[in-house]
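After the structure tokens below, expect a handful of questions from me.
All chains are named by letter (A, B, ...) in the order of the sequence lines, taking the proteins before the strands, and each is independently numbered beginning at 1. Treat the numbers as computed from the prediction; the structure is a model and nothing was measured. All values below were derived from every heavy atom in this structure, side-chain atoms included, with hydrogens, water molecules and symmetry-related copies excluded.
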Amino acid sequence: MTAPLLEVRDLAKAFGGVAAVDGVSFRLDAGAVTAVIGPNGAGKTTLLNLIAGGLAPDRGRIRLGRVDLAGRSARAVWRAGVGRTFQIPTPLASMTVREAVQLVFAARTLGYWRFWQPLAAIGHPETDPLLGRFGLDRLAGARCGDLPYGTLKRLDLALAMAARPSLLLLDEPTAGLGDDARGPLLALALARARADGTAVLFVEHDVDLVFGHAERVLVLDQGRVIAAGPPHQVRADARVRAAYLGDQAAPALGGDHDGS
Amino acid sequence: MSVYLVQALSGVAAGSVLFLISVGLTLVFGLSRVVNFAHGSFVMVGGYLGYTLTEAFATGPLGFWAAIALSALAVGALGGLIERTLIRRLYGAPELLTLLATFGVGLILKDAARLVWGPDDLLGARAPGLGGSVAIVGTPFPTYDLVLCAIGPIVLALLWLLFHSTRFGLAVRAATEDREITAALGIDPARLFTGVFVLGATFAGLGGALQVPRQAITLDLDLAWIVEAFVVVVIGGFGSLPGAFLAAQLIGQVQAFGILIVPEITLVGVFALMAVVLVVRPRGLIGGVVVPVRAAAASPATRAPARAGAWQRLGTAAAVAGLAALPLVADPYRLIVVAEALILALFAAGLHLLVGIGGLVSFGHAAYFGLGAYGAALTVHHLGWSMTPALVAAPLAAAAGAALFGAVCVRRHGIYLAMLTLAFAQILWSAAFQWTALTGGDNGILGIWPDGWAAGPTGFYLLTLAVALTGLAVVRRIAFSPFGFALRAANEAPARAAALGLPIRALHWAAFVIAGGLAGLAGGLYAFAKGSVFPQVLSVAVSVQGLVIILLGGLQALSGPVIGAAVFHGLETEIMRATELWRLWLGALILILVLAGPGGVAGAAGALVRRWTGERERAAGADRS
Amino acid sequence: MFGILVSGILKTGRAALGAALGLAVLSGGSIAGKDMVAIAADPVRVGEINSYSGIPAFTLPYRQGWQLAVSEVNAAGGVLGGRPLEVVSRDDAGRPDVAVRLATELITRERVVLLAGTFFSHVGLAVSDVAARYRMPFLAAEPLSDALTWSRGNRYTYRLRPSTYMQAAMLVEEAAKLPVTRWATVAPNYEYGHSAVAWFKSLLAERRPDATFVAEQWPALGKIEAGTTVQALALAEPEAVFNVTFGADLARFVREGSQRGLFRDRPVVSLLTGEPEYLGPLGAEAPEGWIVTGYPWDQIGTPAHTAFRDAYQARFGEPPRLGSVVGYITLAAIAAGLDRAGSTDAEAVVDAFAGLELDSPFGPVRFRAADHQATMGAFVGRLAVEDGRGRMVDWRYADGADYLPSADDVAALRPASAR
């Protein structure tokens with residue numbers, strides 16, 4: 001068995017005495033697509049934020065390859081090769097789409113320590129291909145603050161993947177989108193990830209999407225992993241049915257955002 | 001031993017007064033995020049009303065206390081009036097805009113008080129029945145101070161009751177912790193805001209009126225109190241009632257015992273205390289609300305920094321040509337005035353980078369202006385350097401100072417960062433004031449005049465123009481460089497920026513150093529423009545002036561600091577020559593500007609242009625609210 | 001003007017042009033530049049700057065004083081053989097940077113032949129530096145700092161009011177007679193306070209080698225925490241107190257001090273407290289028995305002072321304060337200096353002030369050639385309360401000439417360039 005890309009061991013984080021994540025362990029192989037599901041308040045977003053950096057766990061380890069990410073800054077985690085999207089992306093309101101992408105490429109090479117040459121003049125050969133891959137080429141000149149929500153999420157995804165990370169964290173990639181936009185966005189993300197060989201860990205409420213796209217599913221309840229495995233196996237798990245799927249007729253669950 | 005007990009009691013009395021004066025500031029800020037610069041003016045008006053009413057009614061204790069209460073209520077009513085007519089229109093606007101508006105109110109109230117009560121200090125009667133002293137273990141202690149010692153805790157207890165057992169109080173607490181909740185509770189937030197503003201003004205008025213038996217009422221009471229009130233609020237934690245009490249008492253004791261050990265500590269003590277508290281406990285003694293200061297980015301009016309189109313290029317070229325040709329038509333005095341405006345524009349340009357682009361609000365940018373001015377003056381005065389190397393030393397000294405202070409400041413956010421910058425500026429101010437051997441103290445450093453070809457008004461004007469234009473060009477380059485975009489990203493979407501690997505603190509620190517260097521360059525030029533440097537270059541007034549300028553001009557474009565500096569300096573020089581009531585007029589004009597065009601003069605102009613030219617909405621759906 | 005500015009910007013609409021216009025307005029018209037209409041042909045224009053909006057309680061009586069003097073000079077036929085005196089007055093708001101700008105304006109645009117005025121020491125110093133640069137005579141009216149005529153003196157600057165050193169020396173004379181040795185000092189924490197205390201200490205030590213200083217307090221100017229300050233002084237158990245606080249600080253210090261028994265059986269020697277500007281606000285709480293410098297305006301019966309007081313009260317309907325006298329003598333001295341110079345030439349005027357003598361409501365005043373300090377004196381006496389207000393009793397006039405170092409001594413104090 002090859003070494004996993006990501007190994008999380010006994011991760012825990014409490015807020016004001018309430019355990020949000022409580023002893024979570026799992027592994028993620030390179031290029032794999034794993035979904036995290038669970039009821040509201042199960043600790044899904046906290047788990048993602050712990051991996052994404054900037055939030056120090058109370059205990060536990062997060063190893064990406066040979067690097068320990070636990071308690072590192074978001075920047076350090078990014079440098080280790082992790083990209084992430086946000087449940088509700090904040091636009092880089094004053095920039096155009098192209099400028100936002102150029103900035104990301106500049107960030108990859110410490111180019112933000114350049115004070116003189118205009119960003120617009122520092123071309124990066126990957127800019128246009130990236131815009132094209134995410135269907136943003138015709139909007140390159142649009143102001144990010146003016147973008148419709150769905151496009152903004154697509155841009156967020158493009159920014160997260162610009163540096164071709166080895167691991168991509170998606171925090172409710174389809175939240176806030178209309179029914180007809182959800183599937184395409186997730187499909188786009190996974191297609192690009194697959195093309196780049198990027199592993200994906202995503203938090204998602206839409207169970208249909210999860211079972212349709214994930215290779216593995218991780219079920220959290222009250223901060224603990226109650227099941228993990230291929231979709232069909234998880235779907236059949238009695239504890240999962242009791243805690244989460246319950247009596248509900250499968251599709252849309254929760255509907256609201258994860259509260260943690 | 002009894003002496004120390006009495007000293008402690010004196011500190012408690014001072015702390016009580018400080019608490020009364022600060023409590024309104026912290027409550028209003030906690031609820032509505034309004035930084036009320038006019039709060040000190042409420043104290044002053046309370047003092048004047050207290051004087052008038054106690055002189056009229058205070059024949060006995062009943063009349064005295066009725067007069068005090070009446071003064072407090074009248075100031076409360078004044079606060080209500082101001083909230084209803086002005087502050088209400090500014091909720092949701094960036095804090096800096098309300099700061100500017102209330103700064104204008106303060107100017108107006110000061111001149112209004114002068115018109116009503118005259119310029120003389122007014123010493124009121126002592127409190128009837130409390131004019132003497134009681135012996136505390138053999139040491140006499142003023143009876144009235146004992147009353148003050150008691151009033152602080154009493155007011156704290158009353159407010160505690162109000163906030164824990166009345167519907168109004170509970171609503172205020174809920175709204176302070178979570179602004180969204182008011183709607184859910186079915187409470188009209190407008191009434192809450194008015195209520196708390198009136199409450200805060202009432203206690204400020206009470207604090208002022210209670211001064212009548214202790215001290216003369218003067219026109220300077222507003223400034224004397226507002227800065228200390230801010231310090232109390234910061235040390236206690238924004239929005240925290242017990243925090244304000246604790247901080248006020250702490251300051252009272254530190255001052256009472258500090259002067260026994262180091263008598264000269266009076267200038268710097270409270271600010272040093274604030275700096276220490278902010279470094280150790282970033283959110284104050286009793287962690288206050290987390291408050292991001294929104295400069296521009298969070299405001300709905302955010303536009304991208306203006307990019308030069310053909311018209312702008314033409315306009316800029318015309319402006320530069322006009323300014324370069326000015327010596328042909330203007331007399332020396334005009335050249336001096338315009339040079340001063342250019343220096344202010346340069347100062348404000350750095351602040352624009354920091355505040356407008358970086359979203360870091362500095363309340364203490366005078367520190368770097370002053371470091372530059374003193375840097376230039378000291379090299380000339382002590383080392384005998386000529387102008388040119390001194391003008392090189394100025395920005396370097398300021399940038400070094402900014403690098404040092406900035407390293408501490410960028411670890412904090414929002415209003416706490418702003419207050420930390422203020423603390424550092426005040427510490428530098430008192431150093432300049434007291435380190436007489438080096439700085440000449442308040443008598444300053446004289447004889448710092450330009451030399452060589454720049455000695456005459458025209459030469460110095462052209463030098464200033466060249467340096468200022470270069471500085472502005474540098475800021476413009478930086479604004480559109482990768483660094484400028486990274487800085488903007490860190491401001492507009494901090495989490496996104498961090499997740500893209502942008503080193504936010506380092507970016508902020510660099511912005512601090514650049515803005516500090518530009519301010520220092522402006523300060524160096526200012527020293528040579530004036531021929532002398534005094535501690536005033538490090539004062540709060542200079543910091544506020546910088547903020548007023550960039551807000552006046554608008555935060556969205558680099559033309560903002562230029563227009564702001566021109567308008568502000570033009571108004572100031574002309575109004576000051578025309579009337580001694582210049583504060584009144586300046587204040588009124590600031591209010592008109594704030595209410596008419598929150599985007600500043602440039603913003604207002606831009607909005608009109610967009611309407612007139614019927615600028616098309618951008619391609620992508622701009623209708624998302 | 002502002003409307004024009006805004007509409008100008010709005011009409012062009014382009015930010016850059018707006019900036020240009022804003023700056024152009026600065027270089028264009030003025031709403032106040034020509035506010036003095038010439039009162040007769042070829043007047044002699046004097047530039048005057050003071051902190052009228054900065055510290056009005058002191059500068060407004062001063063202004064009335066010089067206005068009275070200008071009227072009298074012009075009624076008597078003006079200066080230089082019949083030319084009227086015209087004063088172009090400006091408000092510096094208490095800011096040295098503003099004063100520098102206004103001084104330049106008066107010199108370059110208003111074509112004044114001489115500058116006068118200022119209250120605060122740092123403002124006076126800033127203006128004196130401009131005067132030296134433009135070679136323009138400057139008569140500093142009210143600033144007290146010794147630096148103005150000594151360490152930072154220059155050829156073009158003269159000063160009327162008795163300096164910190166002189167006033168301290170007057171008080172030391174009285175303090176030395178007291179049967180005490182243990183002194184405490186309290187002074188505002190800035191240059192004036194520090195140099196007043198320093199002079200008092202060194203001058204007292206010359207007369208009373210047995211004097212010791214057991215405590216000093218330096219409250220922030222305008223922000224004294226009087227209770228703790230008083231207590232801190234009392235802790236050292238001094239036998240006497242030297243006070244330099246004034247204004248609002250003084251009122252608080254007096255109240256707290258008397259309530260806390262600091263002044264019980266302790267003589268207090270206090271700078272300036274007898275001046276009506278400071279004594280007036282204290283009312284019936286003026287501290288009795290304090291030894292002060294000041295101005296007993298109601299008790300001076302010399303013909304010159306009586307004439308001044310009557311004319312002042314008749315015109316302004318209020319009694320004169322010390323600032324009124326300073327303002328009055330300032331303009332009277334300028335008229336005398338111009339007449340002595342016989343022209344408005346700056347160098348001639350500067351030379352004419354050296355050794356200039358004139359009669360004033362306080363008696364003869366001479367501008368010393370050695371250090372450009374006038375010998376105007378002050379009144380030294382004790383405070384008493386009569387009819388609900390403080391007044392000076394047992395006072396005498398201390399002629400400034402008697403409290404100045406010799407010409408040789410001050411020559412060493414002044415920079416070489418000032419001679």
Of all heavy-atom pairs between A:Leu103 and B:Leu502, which one has the smallest distance, and what is that distance?
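Between these two residues, the closest heavy atoms are CD2-CD1, 4.3 Å.
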
Winner by heavy-atom pair count (cut-off under 4.5 Å) against chain A, out of B:Pro494, B:Ala495, B:Ala510
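Winner by heavy-atom pair count: B:Ala495.
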
Contact class of A:Ala160 relative to chain B, heavy atoms under 4.5 angstrom
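Both parts, heavy atoms under 4.5 Å.
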
Under 4.5 Å from any heavy atom of chain B, what part of A:Arg79 do you find: side chain, backbone, both or neither?
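Contact with chain B is absent: no heavy atom of A:Arg79 under 4.5 Å.
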
If you count heavy-atom pairs under 4.5 Å with chain B, which of A:Leu92, A:Val82, A:Val77 comes out on top?
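Answer, by heavy-atom pair count under 4.5 Å with chain B: A:Leu92.
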
Distance-minimising heavy-atom pair for B:Gly501 and A:Tyr112
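Smallest heavy-atom distance, with atoms named: O-OH, 3.9 Å.
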
Does the side chain of B:Ser481 reach to within under 4.5 Å of the side chain of A:Gln117, using non-hydrogen atoms?
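A side-chain contact under 4.5 Å is absent here.
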
Tell me, out of B:Ala493, B:Ala497, B:Gly484, who's got the most heavy-atom pairs with chain A below 4.5 Å.
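Most heavy-atom pairs within the cutoff with chain A belong to B:Ala493.
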
Which distance, rounded to the nearest 0.5 Å, do you find between the CZ of A:Arg84 and the CZ of B:Arg496?
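A:Arg84 atom CZ to B:Arg496 atom CZ measures 8.0 Å (nearest 0.5 Å).
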
Look at A:Ile122, A:Leu169, A:Leu119 and state which one has the largest set of heavy-atom pairs under 4.5 Å with chain B.
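Ranked by contacts with chain B, first place is A:Leu119.
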
Go through the atoms of B:Ala506 and report whether side chain, backbone, both or neither lie under 4.5 Å from a heavy atom of chain A.
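The answer is both parts of B:Ala506.
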
Check step by step if side-chain hydrogen bond (donor to acceptor under 3.5 Å, both in side chains) holds for B:Glu492 and A:Ser94.
CA-CA 8 Å; B:Glu492 291 166 6; A:Ser94 72; 2.6 Å; yes

Are B:Phe483 and A:Phe115 near enough that their ring centres are under 6.0 Å apart?
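Yes, they do, as the ring centres are separated by less than 6.0 Å.
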
I need the residue from A:Asp156, A:Thr151, A:Val104 with the largest number of non-hydrogen atom pairs under 4.5 Å to chain B.
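The option with the most such pairs is A:Asp156.
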
Counting only heavy atoms not in A:Arg133, do more than 12 fall under 6.0 Å of its CZ?
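Yes, because the 6.0 Å sphere around CZ of A:Arg133 holds more than 12 heavy atoms from other groups.
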
Nearest-0.5 Å distance, CG of residue B:Leu507 to CH2 of residue A:Trp113
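Rounded to the nearest 0.5 Å, the CG-CH2 separation comes to 4.5 Å.
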
Would you give the length of the straight line joining atom CZ of B:Arg488 to atom CD of A:Glu99, rounded to the nearest 0.5 angstrom?
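The CZ atom of B:Arg488 sits 7.0 Å away from the CD atom of A:Glu99.
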
Has B:Arg477 got more than 12 heavy atoms of other residues, nucleotides or ligands less than 6.0 Å from its CZ?
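Enclosed.
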
Answer with side chain, backbone, both or neither: which region of A:Leu159 has an atom nearer than 4.5 Å to a non-hydrogen atom of chain B?
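Both backbone and side chain.
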
Please report the closest heavy-atom contact between B:Pro482 and A:Ala106, naming both atoms and the distance.
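Closest pair (atom of B:Pro482, atom of A:Ala106, distance): CB-CB, 4.4 Å.
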
Nearest 0.5 Å, please: how far is CZ in A:Arg75 from CD1 in B:Ile504?
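The CZ atom of A:Arg75 is 10.0 Å from CD1 of B:Ile504, to the nearest 0.5 Å.
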
